[in-house]
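Notes follow once the structure below has been shown.
Just so you know, ligand 1 is whichever comes first in the structure, and atom 1 is the first atom listed for that ligand.
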Amino acid sequence: MPVKERILVIGACGQIGVELTLALRKIYEPQHVIAADLRDEHPLLKGTGPYVTLDVMNREMLHVLVIRHHITQIYHLAAILSATAEKNPALAWHINMQSLIHVLEIAREENLHKVYWPSSIAVFGRGAPRQQTPQHTILEPTTAYGISKLAGERWCEYYHERYGVDVRSLRYPGLISYKSSPGGGTTDYAIEMFQAAVENRTYTCPLAPDARLPMMYMPDAIRATIELMEAPADRISLHSSYNLHAFHFSPTELAAAIRKHVPEFEICYQPDFRQQIAESWPESIDDSQARRDWGWKPAFDLESMTVDMLQNLQQLRK
Ligand code: NAD
Ligand code: AKB
């Protein structure tokens, strides 16, 4: 049991941060898992462990926090996601890049044991094969978010090669969850579709009916993150970022999966700028290196995720 680690989760009030912080507080001493975010503490985190307000762009504040709390691992989740990034690309580049450099520099200076930083399927662009996109292929992202994720992967590998920082990363697909709200992603539409279905609303989809994308249910994403971080160092052959996959669907296919349980659900389509983003991303991902290196295997498929999402969203409305 790794009792001596002291963990800082930056971006802890986001879609992933809330669930990851709660999961880490089940494994480690809750007092040793510090949640940090710009926002007010998320209601689900209240009373479960320490919370600090932090702007990760403030390097001094971050450094003091790491020293004061004897931090040994950082999970850096704060970022501007794809759809929001297209509205202000220069700001997204600044925040996504500078925050990562702050974390990597402090990890180097303070000899942190490990750093986790998520990348995304957004690193792939139009040049890459769209089906079973390989780990190593053409990386020519066309979005500001994707450019920042690709550069971030290069920096992670650089800090590992040059300074020995044990930084680990996953290229998450679109993540589906019901506990905390998503923040400005292209794949958020899937969660909105579930919400419309349980509220008996017609859903207006911002992607085209056939815009198929790789997706994953949040419990699998949290488990993958923790399994990667707990894996022995000699099982990790990549310090840029691992491809990760569970299932894939288009809006039409998700609507059909929901209709099996909510037959009256209706959807219409009004594709906007997010459709161009989706068209530049893969439809499915080859994650064989993650499966080989540290034994990755998803538990949820489209049908089991759909059942669980609907049950939990319906429960929350009671
Ligand atoms: P989110 O937008 O839901 O959460 C990000 C959190 O970071 C927010 O709570 C926000 O307040 C916080 N934050 C923003 N700027 C900050 C700052 N300057 N200082 C401190 N906190 C700040 O995002 P998410 O979906 O939880 O994503 C987390 C990470 O995972 C991001 O790097 C994202 O690119 C990556 N990712 C997410 C998905 C997904 O589907 N959710 C897929 C691929 C990759
Ligand atoms: C987004 O849509 O921006 C994210 C991602 C796939 O990185 N969900």
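Heavy-atom proximity to Asp55, at under 4.0 Å, picks out these atoms of ligand 1: 17 (C), 18 (N), 19 (N). Using a 4.0 Å cut-off to heavy atoms of Leu54, the atoms of ligand 1 that qualify are 19 (N), 20 (C). Listed by atom number, the atoms of ligand 1 under 4.0 Å from Gly183 heavy atoms are 2 (O), 3 (O). Within the listing of ligand 1, atoms 43 (C), 44 (C) sit less than 4.0 angstrom from a heavy atom of Ser119. Those atoms of ligand 1 that come under 4.0 Å of a heavy atom in Ala78, given as number and element, are 7 (O), 13 (N), 16 (C), 21 (N), 22 (C).
Glu5 and His113 share a side-chain donor-acceptor pair at under 3.5 Å. In this structure, a donor-acceptor pair under 3.5 Å is absent between the side chains of Ser250 and Asp210. A side-chain donor-acceptor contact under 3.5 Å links Gln275 and Glu279. Side-chain N/O atoms of Gln131 and Ser284 include no donor and acceptor closer than 3.5 Å. Neither side chain, Ser169 nor Glu153, offers a donor N or O lying under 3.5 Å from an acceptor on the other. Residues Arg171 and Ser119 bring no donor and acceptor atom of their side chains to less than 3.5 Å of each other. In summary, the side chains of Thr204 and Gln270 do not present any donor paired with an acceptor at a separation below 3.5 Å, with no hydrogens or angles considered. Checking Ser304 against Tyr217 by side-chain atom types alone, no donor-acceptor pair falls below 3.5 Å.
Remark: of the listed residues Ile71, Val64, Val66, Leu65, Val64 is the sole one forming a side chain to side chain contact (heavy atoms under 4.5 Å, CB included) with Arg68.
Nearest protein heavy-atom contact of atom 6 (C) of ligand 2 is Ser120 OG, 3.6 Å. Closest to atom 33 (C) of ligand 1, if we only count protein heavy atoms, is Tyr145 OH, 3.5 Å. Looking at atom 19 (N) of ligand 1, its nearest protein heavy atom turns out to be Val56 N, 3.0 Å. For atom 21 (N) of ligand 1, the closest non-hydrogen atom of the protein is Leu38 N, 3.4 Å. The closest protein non-hydrogen atom to atom 8 (N) of ligand 2 is Thr187 OG1, 2.8 Å. Scanning all protein heavy atoms for the shortest distance to atom 11 (O) of ligand 1 gives Asp37 OD1, 2.6 Å. From the protein, the heavy atom lying nearest to atom 40 (O) of ligand 1 is Leu175 N, 2.9 Å. The single protein non-hydrogen atom nearest to atom 8 (C) of ligand 1 is Arg39 NH2, 3.3 Å, given as residue, atom name and distance. What sits closest to atom 3 (O) of ligand 1 on the protein, heavy atoms only, is Gln15 N, 2.8 Å. Atom 31 (C) of ligand 1 has Leu77 O, 3.2 Å as its closest protein atom, hydrogens excluded (heavy atom only).
Proximity of Leu81 to ligand 1, defined as any heavy-atom pair under 4.0 Å, is confined to the side chain (atoms from C-beta onward). Residue-level proximity to ligand 2 for Ser82 is carried by backbone and side chain together, each with a heavy atom below 4.0 angstrom.
Side-chain atoms of Gln135 come within 3.5 Å of backbone N or O of Asn243 as a donor-acceptor pair. The backbone N or O of Glu283 lies less than 3.5 Å from no partner atom in the side chain of Arg130, so there is not a single donor-acceptor pair.
Once rounded to the nearest 0.5 Å, the distance linking CG of Leu170 with OG of Ser120 reads 11.5 Å. Here the CE-NE2 distance, from Met216 to His248, works out to 13.0 Å after rounding to the nearest 0.5 Å.
The shortest N/O to N/O separation between Pro182 and ligand 1 does not fall below 3.5 Å. Taking only nitrogen or oxygen atoms, main chain and side chain alike, Thr186 reaches within less than 3.5 Å of ligand 2. For a threshold of 3.5 Å applied to N or O pairs, the pair formed by Tyr172 and ligand 1 contains no separation below that value. Between Lys149 and ligand 1, at least one pair of N/O atoms sits closer than 3.5 Å. Considering backbone and side-chain N/O atoms, Ile16 comes within less than 3.5 Å of an N/O atom of ligand 1.
Residue-ligand proximity: Trp117 is placed with every non-hydrogen atom at 4.0 Å or more from ligand 1. The shortest separation from a heavy atom of Pro173 to ligand 1 is under 4.0 Å, placing the residue in contact.
Arg126 has no carboxylate O lying under 4.0 Å from a charged side-chain N of Glu140, or vice versa, which leaves the two without a salt bridge.
Of the candidates Gly11, Gly14, Pro118, the one placing a heavy atom closest to atom 35 (C) of ligand 1 is Pro118.
When side chains are defined from C-beta on, Arg168 counts as touching Ile236, because their heavy atoms get closer than 4.5 Å.
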